[in-house]
Amino acid sequence: MKQHIDSAPSTPGKFKMEKSPYNRLRLHSSLAKLTFWSLFFLVLIYFFFFKSPSPSSSSSSSSLPSDLSRRSLRTSSYAGPNFEKRVRASAKIRSRTGISVLVTGAAGFVGTHVSAALKRRGDGVVGLDNFNDYYDPSLKRARQALLERSGVYIVEGDINDAVLVSKLFDIVPFTHVMHLAAQAGVRYAMENPGSYVHSNIAGLVSILEVCKNANPQPAIVWASSSSVYGLNTKVPFSEKDRTDQPASLYAATKKAGEEFAHTYNHIYGLSLTGLRFFTVYGPWGRPDMAYFFFTRDILKGKSIPIFEAANHGTVARDFTYIDDIVKGCLGALDTAEKSTGSGGKKKGVAQLRVFNLGNTSPVPVSDLVGILEKLLKVKAKRLVMKLPRNGDVQFTHANISLAEREIGYKPSTDLQTGLKKFVQWYLSYYENGKKAAQ
Ligand SMILES: O=C(O)[C@H]1O[C@H](OP(=O)(O)OP(=O)(O)OC[C@H]2O[C@@H](n3ccc(=O)[nH]c3=O)[C@H](O)[C@@H]2O)[C@H](O)[C@@H](O)[C@@H]1O
């Protein structure tokens with residue numbers, strides 16, 4: 001072939017093609033090759049551009065193979081100096097004692113408040129969130145806009161995308177990770193168990209893997225849940241109590257997370273702190289939580305289901321206000337010791353902690369409704385019903401003495417005060433009730 005091209009005159013117009021059967025055969029085989037390669041490339045293009053899932057698809061619906069193909073697309077779109085510039089600017093530390101924190105789930109309820117608080121005191125903050133549609137994504141976008149105004153950039157991506165998370169560590173040597181991205185909600189676990197496994201188990205392990213390989217390794221603070229106490233009846237719940245009787249699949253994934261934390265601390269020297277949040281509420285909250293949709297439905301004049309236990313037993317929660325939780329998160333970050341590993345290997349014993357972050361004063365759900373009625377000046381249509389077998393436990397109550405001692409946690413907002421702030425926010429966000437929450 002090469003010889004043939006070389007022997008052809010350089011000016012094609014003067015070249016006279018010989019019409020021999022041999023030449024016809026060559027033409028045939030060249031055409032066949034051309035057709036083959038064209039088809040091959042067409043098939044490749046088809047698979048890359050039409051078969052790959054859209055980068056905005058939610059974490060809850062993805063299976064492993066589609067995640068893998070999405071990974072390559074995602075990462076390539078995050079290449080480039082502009083992306084890196086935004087990440088670096090967001091991570092810039094502005095105080096002498098500042099830390100640099102990767103906040104996963106930054107467009108979530110707790111994530112937004114923690115990111116804003118860190119930024120306010122001069123820490124470097126980079127957010128990561130997949131903006132899935134478990135609840136109204138426009139609320140997540142509004143929180144993102146809020147953070148953007150204070151200089152926090154949220155990278156749009158999934159915690160299972162290890163290539164992307166490693167890339168973030170290549171750009172910024174984060175000292176801390178505040179891991180808040182999760183599939184939340186107790187009752188939804190019966191509808192979509194896969195999304196809990198995907199985010200709370202696979203996603204957590206993905207984050208731990210990247211952190212273990214990072215150099216230097218960051219200290220990790222992450223969101224566990226009061227639900228790990230499950231069927232425990234000893235009150236108030238103490239960190240020493242048993243947590244091996246989860247009442248929901250959600251609780252089981254959070255409990256599994258605590259066990260993974262133990263393993264990564266033991267093998268790789270990662271510094272890990274799990275925070276057991278107790279029914280966190282407040283402005284910019286989650287619309288899937290009872291206080292939020294009770295408010296929406298009371299305003300709409302719709303009836304609200306209030307659960308009660310057997311024999312008219314009270315169902316109660318240790319509702320905890322968001323500002324108190326934020327202080328607990330910052331306290332945990334500030335007292336977190338460095339991880340001890342490097343190059344994926346443990347070099348010494350590392351810190352492993354778990355704390356209750358509750359309010360220490362449980363309130364019956366019916367009292368919560370009473371407070372909302374007064375604040376909204378609307379009588380609720382109460383539909384009292386037996387607690388369904390949906391994973392909900394009858395009560396929660398935190399003992400917070402360990403958190404008080406170790407991280408200076410001291411909640412100071414009662415439910416009445418906290419709900420007043422929530423209702424004020426709700427009414428202004430939804431334009432005094434004109435634009436109803438979804
Ligand atoms: O403490 C925690 O760790 C958990 O707190 C909340 O879970 P939950 O306490 O069940 O909060 P809500 O869903 O807001 O329910 C609050 C109370 O209202 C009750 N409820 C809920 C829904 C309903 O229709 N009626 C009703 O009476 C529940 O049984 C519960 O006692 C969050 O949704 C979880 O993500 C979090 O992990």
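Along the sequence shown, the residues carry numbers beginning at 1. One-based numbering, in listed order, for ligands and for the atoms of each.
Less than 4.0 angstrom separates some heavy atom of I306 from each of these atoms of ligand 1: 27 (O). Within the listing of ligand 1, atoms 6 (C), 11 (O), 14 (O), 32 (C), 33 (O) sit less than 4.0 angstrom from a heavy atom of M289. Close approach of ligand 1 to A184 is summarised as follows: ligand atoms under 4.0 Å from at least one heavy atom of the residue are 35 (O).
A 4.5 Å side-chain heavy-atom check between P411 and I400 finds at least one atom pair inside the cut-off. In this structure the side chain of K254 never reaches within 4.5 angstrom of the side chain of E258, judged on heavy atoms. Between Y291 and Y426 the shortest side-chain heavy-atom distance does not fall below 4.5 Å. For the pair N359 and F319, the minimum side-chain heavy-atom distance is 4.5 Å or more. Considering only heavy atoms from C-beta on, N356 stays 4.5 Å or farther from L402 through its side chain.
Between F237 and F395, the two ring planes are tilted [angle within 30° to 60°]. Classified by interplanar angle (parallel below 30°, tilted 30° to 60°, perpendicular above 60°), the ring pair W425/Y429 is parallel. Under the 30°/60° scheme for interplanar angles, the aromatic rings of Y264 and Y268 are found to be tilted.
Look at E337 and R353 and you find no salt bridge, because none of the NZ, NE, NH1 or NH2 atoms lies under 4.0 Å from a carboxylate O. D334 and R121 are joined by a salt bridge, as a carboxylate oxygen and a charged side-chain nitrogen come within less than 4.0 angstrom of each other.
Counting heavy atoms closer than 4.0 Å to ligand 1, residue Y250 contributes side-chain atoms (C-beta onward) but none from N, CA, C or O. Counting heavy atoms closer than 4.0 Å to ligand 1, residue F294 contributes side-chain atoms (C-beta onward) but none from N, CA, C or O. The parts of F307 lying near ligand 1 are both backbone and side chain, judged by heavy-atom distances below 4.0 Å. Contacts between Y281 and ligand 1 below 4.0 angstrom, taking non-hydrogen atoms only, are absent altogether. With a heavy-atom cut-off of 4.0 Å, R317 touches ligand 1 through its side chain alone. Looking at V365 against ligand 1, only its side chain comes within 4.0 Å, counting heavy atoms. By the criterion of a heavy-atom distance under 4.0 Å, the side chain of R187, and not its backbone, is placed next to ligand 1.
Atom 15 (O) of ligand 1 has its closest protein heavy atom at A290 CB, 3.8 Å. Residue, atom and distance of the protein heavy atom nearest to atom 7 (O) of ligand 1 are V186 CG2, 3.9 Å. Of the protein's non-hydrogen atoms, the one nearest atom 10 (O) of ligand 1 is D392 OD1, 3.6 Å. In this structure, the protein non-hydrogen atom closest to atom 25 (N) of ligand 1 is P305 O, 2.7 Å. The nearest protein atom to atom 11 (O) of ligand 1, hydrogens excluded, is given as T279 CG2, 3.6 Å; this is a heavy-atom distance.
Ligand 1 has an N or O atom lying under 3.5 Å from an N or O atom of S225, backbone or side chain. At least one N or O atom of G185, backbone or side chain, sits closer than 3.5 Å to an N or O atom of ligand 1. Considering backbone and side-chain N/O atoms, F278 never comes within less than 3.5 Å of an N/O atom of ligand 1. At least one N/O-N/O distance between S226 and ligand 1 falls below 3.5 Å. The N/O atoms of A316, backbone and side chain alike, include none that comes under 3.5 Å of an N/O atom in ligand 1.
Crowding of N82 atom CG: a count of heavy atoms from other residues, nucleotides or ligands under 6.0 Å not exceeding 12.
Between atom OG of residue S166 and atom CG of residue N213 there is a gap of 7.5 Å, rounded to the nearest 0.5 Å.
For the pair K254 and ligand 1, no heavy-atom separation below 4.0 Å is found.
For the side-chain contact (heavy atoms from CB on, under 4.5 Å) test with L272, the passing option among N265, V354, V177 is N265; the others fail.
The option with the heavy atom closest to atom 33 (O) of ligand 1, from among E308, R382, Q394, R286, is R286.
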